[in-house]
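Along the sequence shown, residues are numbered consecutively beginning with 1. Just so it is clear, the values below take in all heavy atoms, side chains as well, and ignore hydrogens, waters and symmetry mates.
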Amino acid sequence: MKKNEYILPDQKAAGRRNLKEQAERVSFSMPEHLHRLGEGKTYFVRTYGCQANVRDGETLGGLLEEMGFSPAAAQEEADVLIFNTCAVRRAAEEHVLGEIGNLKPLKEKHPEKIFGVCGCMAQEEGIVRELINKYPQVDLIFGTHNLDQLPSLMEKVLQGKRSISVLSEEGRIIEGMPAVRTKPYKGFVNIMYGCDKFCTYCIVPYTRGKQRSRRMEDILAEITQLREAGGKEVQLLGQNVNAYGKDLGMEDGFTDLLRACAETGIERIRFYTSHPRDYSSSTIDVMRDYPNVMKALHLPVQSGSDEILRRMNRGYTAESYRKLVDEMKAKIPDITFTTDLIVGFPSETDEQFEKTLELVDYCRFDSAFTFIYSPREGTPAARMEDDIPLSVKKERLQVLNERITKYARENNEAYAERTLKVLCEGPSKKRDDVFSGYSEENKLVNFTGKGIREGEIVPVRITGVKSYSLDGEAL
């Protein structure tokens, strides 16, 4: 029986610890004796969820490879398997727990294998206790604030201890951790961590903590390094990028950062995710004035009803959202919009759902992530009565998706016979003789061509249109 080493989270303080005026910044350094810890062993990181989780997965890969581990071709073959998890929806958590449960026979057959869980699920006290008590095959649990501790935790596991470290140390920003880029030509760069908005349905402030912005010079150095290594596109990440720098006392921090990123000379810049409440006209001006800032924006709205937006604590109205969209389209006529929408939020009436459809009709989004509301334990909305029947939620979701698909198709029709610049991401998932990639407008394009390399930006003439993708041929 393994000895347990537990550092459990304080649920009352999770996401809300008192921070210093500015987050503590620490330079990562791995002890010399840990560099050979994984020699001869393999690893596999299974990542779920958003771009921030993908970026965390790249860091996990970098740490493990610096310890001497090499990547495995499949998770069943790995000596170390880490589940890098998402906690936005309970359904996602249940899926991960099911995957972990299925590993029990493999652990019994190969007790030397190491199974770990990290990410947002590992910041929830209930989930951590469930993993400890019901899943003995899990050797290692660590939270979103503890990625840098992976080497020391792994050392303890190899010594026969079950190591769990999910203490919220959200006041820190760790610079200089290694990373294995998923795609060397396309890099994720965190500009901030956490969120201070506290939307009533959202668990992120409790799993990733208060907002902490990285220093601009550290961000620019990482982008420059990516560009010099041949990177073509950077995606700036933050739960609410528009609020970048507010915790550092910057008046218009995101605009200043976006301009500075554009001036590094990298060919493409995208950013996720924007909050309508914090958008400034100056940011729109930078998007307009710099060709390497992509004219494609993800701007979550969640609902078209002012009352539902108030109950969600979103901090804007449907009319102010419309005005923001109008300003952007006036300044950048070719801008494309995607969004997030939730149906069936507590107390949502048929009339309030119709307001969402009216907003969709007005904005004509290019696509949307649409969700049925489900309560997340620990959020204010979970204390509201979940009074919308599931059948009604499903019906509303279907109506909403049909409306979104209609506009997606109509918007895509405008690209027929046009030539778009596409960053090739390799062969299509369905056909080896067809390439796939994204245009500047963030349109998925499947195209034919010869001698095209992954990571190359290719002019493609659009020959066919679908609702959520375009077909074309490389020129």
For this session: Check step by step if side chain to side chain contact (heavy atoms under 4.5 Å, CB included) holds for Thr405 and Tyr468.
Result: CA-CA 8 Å; Thr405 300; Tyr468 293 108; 3.0 Å; yes
What distance do [X] atom [atom1] and [Y] atom [atom2] have between them, rounded to the nearest 0.5 Å?
{"X": "Phe337", "Y": "Asn411", "atom1": "CZ", "atom2": "CG", "result": "11.0 Å"}
{"X": "Leu444", "Y": "Leu470", "atom1": "CG", "atom2": "CG", "result": "8.0 Å"}
{"X": "Ile82", "Y": "Arg46", "atom1": "CD1", "atom2": "CZ", "result": "14.0 Å"}
{"X": "Gln235", "Y": "Ile269", "atom1": "CD", "atom2": "CD1", "result": "11.5 Å"}
{"X": "Leu257", "Y": "Arg214", "atom1": "CG", "atom2": "CZ", "result": "10.0 Å"}
{"X": "Thr255", "Y": "Met287", "atom1": "OG1", "atom2": "CE", "result": "11.0 Å"}

Closer than 4.0 angstrom, basic N to acidic O: yes or no for [X] and [Y]?
{"X": "Arg259", "Y": "Asp289", "result": "no"}
{"X": "Asp326", "Y": "Lys323", "result": "no"}
{"X": "Asp247", "Y": "Arg212", "result": "no"}
{"X": "Glu413", "Y": "Arg409", "result": "yes"}

Can [X] and [Y] be counted as having a side-chain donor-acceptor contact under 3.5 angstrom?
{"X": "Asp196", "Y": "Gln211", "value": "no"}
{"X": "Tyr316", "Y": "Asp278", "value": "no"}
{"X": "Thr336", "Y": "Asp366", "value": "no"}
{"X": "Ser439", "Y": "Glu441", "value": "yes"}
{"X": "Ser303", "Y": "Gln352", "value": "no"}
{"X": "Gln302", "Y": "Tyr201", "value": "yes"}
{"X": "Asn53", "Y": "Thr47", "value": "no"}
{"X": "Glu425", "Y": "Ser436", "value": "no"}

Is a side-chain N or O of [X] found less than 3.5 angstrom from the main chain of [Y], in a donor-acceptor match?
{"X": "Glu348", "Y": "Gly344", "answer": "yes"}
{"X": "Lys113", "Y": "Glu76", "answer": "yes"}
{"X": "Arg181", "Y": "Ala179", "answer": "no"}
{"X": "Ser428", "Y": "Asn446", "answer": "no"}
{"X": "Glu233", "Y": "Arg270", "answer": "no"}
{"X": "Asp306", "Y": "Thr317", "answer": "no"}
{"X": "Asp386", "Y": "Ala382", "answer": "no"}
{"X": "Ser152", "Y": "Gln149", "answer": "yes"}
{"X": "Thr339", "Y": "Val301", "answer": "yes"}
{"X": "Tyr48", "Y": "Phe83", "answer": "no"}

Could you tell me whether [X] atom [atom1] has more than 12 heavy atoms of other residues or ligands within 6.0 Å of it?
{"X": "Tyr438", "atom1": "OH", "result": "no"}
{"X": "Glu251", "atom1": "CD", "result": "no"}
{"X": "Lys406", "atom1": "NZ", "result": "yes"}
{"X": "Glu410", "atom1": "CD", "result": "yes"}
{"X": "Lys331", "atom1": "NZ", "result": "yes"}

So [Y] and [X], do their side chains get closer than 4.5 Å, heavy atoms only?
{"X": "Ile388", "Y": "Phe345", "result": "no"}
{"X": "Lys355", "Y": "Glu307", "result": "no"}
{"X": "Leu147", "Y": "Phe142", "result": "yes"}
{"X": "Thr379", "Y": "Thr200", "result": "no"}
{"X": "Asn313", "Y": "Lys197", "result": "no"}
{"X": "Pro205", "Y": "Gln239", "result": "no"}
{"X": "Ile114", "Y": "Met154", "result": "yes"}
{"X": "Val234", "Y": "Cys261", "result": "no"}

For [X] versus [Y], what's the shortest heavy-atom pair and its separation?
{"X": "Gly119", "Y": "Thr144", "answer": "C-CG2, 3.4 Å"}
{"X": "Leu60", "Y": "Cys118", "answer": "CD1-SG, 3.6 Å"}
{"X": "Gly304", "Y": "Ala318", "answer": "O-CB, 3.4 Å"}
{"X": "Ser213", "Y": "Gly245", "answer": "OG-N, 3.0 Å"}
{"X": "Gly437", "Y": "Phe447", "answer": "N-CE2, 4.3 Å"}
{"X": "Tyr415", "Y": "Ile462", "answer": "O-CB, 3.2 Å"}

Problem set entry | Aromatic Phe188 / basic Arg55 pairing, under 6.0 angstrom, 45° off normal | no
Problem set entry | Worked check of side chain to side chain contact (heavy atoms under 4.5 Å, CB included) between Leu97 and Tyr135 | CA-CA 9 Å; Leu97 292 173; Tyr135 297 87; 3.6 Å; yes
Exercise. Picking from Val80, Ile141, Asp139, what satisfies side-chain contact (heavy atoms from CB on, under 4.5 Å) with Phe115?
Worked result: Asp139
Exercise. Side chain to side chain contact (heavy atoms under 4.5 Å, CB included) between Met121 and Glu130: does it pass, once the steps are laid out?
Worked result: CA-CA 11 Å; Met121 281 177 62; Glu130 186 174 355; over 6 Å; no
Problem set entry | Stepwise side chain to side chain contact (heavy atoms under 4.5 Å, CB included) test for His298 and Asp340 | CA-CA 8 Å; His298 187 67; Asp340 294 345; 2.9 Å; yes
